[in-house]
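Report on one structure; see the data block that follows.
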Amino acid sequence: MNKLLKYKNYFGSIEVSTEDMILHGKIECINDVVTYEAETLTSLKEAFEEAVDDYLETCKELNRAADKPMSGTFNVRIGEDLHKRAYLQAKSNGMNLNEFIKDAVKEKLESRKEYHFHFDRKTEDKSLALTFGSQLKTGSKWSVTNVKRTWSGHHDA
């Protein structure tokens, strides 16, 4: 489930106000605060797109940049145990903690897990096996993880 709207390479949040019974959001990663609201998701998407177009036109008229530059640094609180484990793993890999975390974030952003089921039918002994597993996609590579045989048995065919 994606909780962001996307239009012209800009992203907008989707929030719900149960108090007002309205949907609302704001354009993310820009230099200003631009909000939009609507009563339905379709209308919210339209309001977001209008807000992006209006914001870009305003920035053009004012001759200013629309995108907010990111500093490249941020603080993360991960707890003492996870901090220690990450530090030791980084040292074990011959890298510093910053490089390790950077690689971990990159891997998470570029990875996609897909689940699959596979049935094997062996005609010689009339057995059937179900295998469940997941595949992790990193860039253009696939690696198979968590493969488990969950059921096997004989059948009449």
Cluster question for you: counting only ILVMFWY and a side-chain heavy-atom cut-off of under 4.5 Å, with indirect links fine, are L4 and V34 together? no
Same hydrophobic cluster for I101 and L109, using side-chain heavy-atom links shorter than 4.5 Å among ILVMFWY? yes
Pair listing, side chain to side chain donor-acceptor pair (under 3.5 Å) test, anchored in residues 57-66, at least two apart: D32-R64
Gap separating the NZ atom of K68 from the CD1 atom of I30, nearest 0.5 angstrom: 10.0 Å
Would you call L5 and Y36 a side-chain contact if the rule is heavy atoms closer than 4.5 Å? yes
Sorted by first residue and then second, give each salt bridge (charged side-chain N to carboxylate O under 4.0 Å, His left out) pair with at least one member in residues 5-31; sequence neighbours left out. K8-D53
Within one Ile-Leu-Val-Met-Phe-Trp-Tyr cluster: V52 and F11, side-chain cutoff 4.5 Å: no
Restricting to side-chain contact (heavy atoms from CB on, under 4.5 Å), what partner residues turn up for D67, sequence neighbours left out? Y10
To the nearest 0.5 Å, what is the distance between CD1 on I27 and CG on L56? 7.5 Å
Validation row: I22, E39 side chains within 4.5 angstrom (heavy atoms): yes
Result block: side-chain N/O donor-acceptor pairs under 3.5 angstrom for residues 41-51, not counting sequence neighbours:
residue : atom : partner : partner atom : Å
S43     : OG   : T40     : OG1          : 2.9
K45     : NZ   : E49     : OE2          : 2.5

Would you mind listing every side chain to side chain donor-acceptor pair (under 3.5 Å) that reaches into residues 76-90, with sequence neighbours excluded? Q89-N93
Suppose the criterion is ring-ring contact (aromatic ring centres under 6.0 Å, His included): which pairs have a residue in residues 51-81, not counting sequence neighbours? none
Distance in Å, H24 NE2 paired with S17 OG, rounded so as to fall on 0.5 Å steps: 5.5 Å
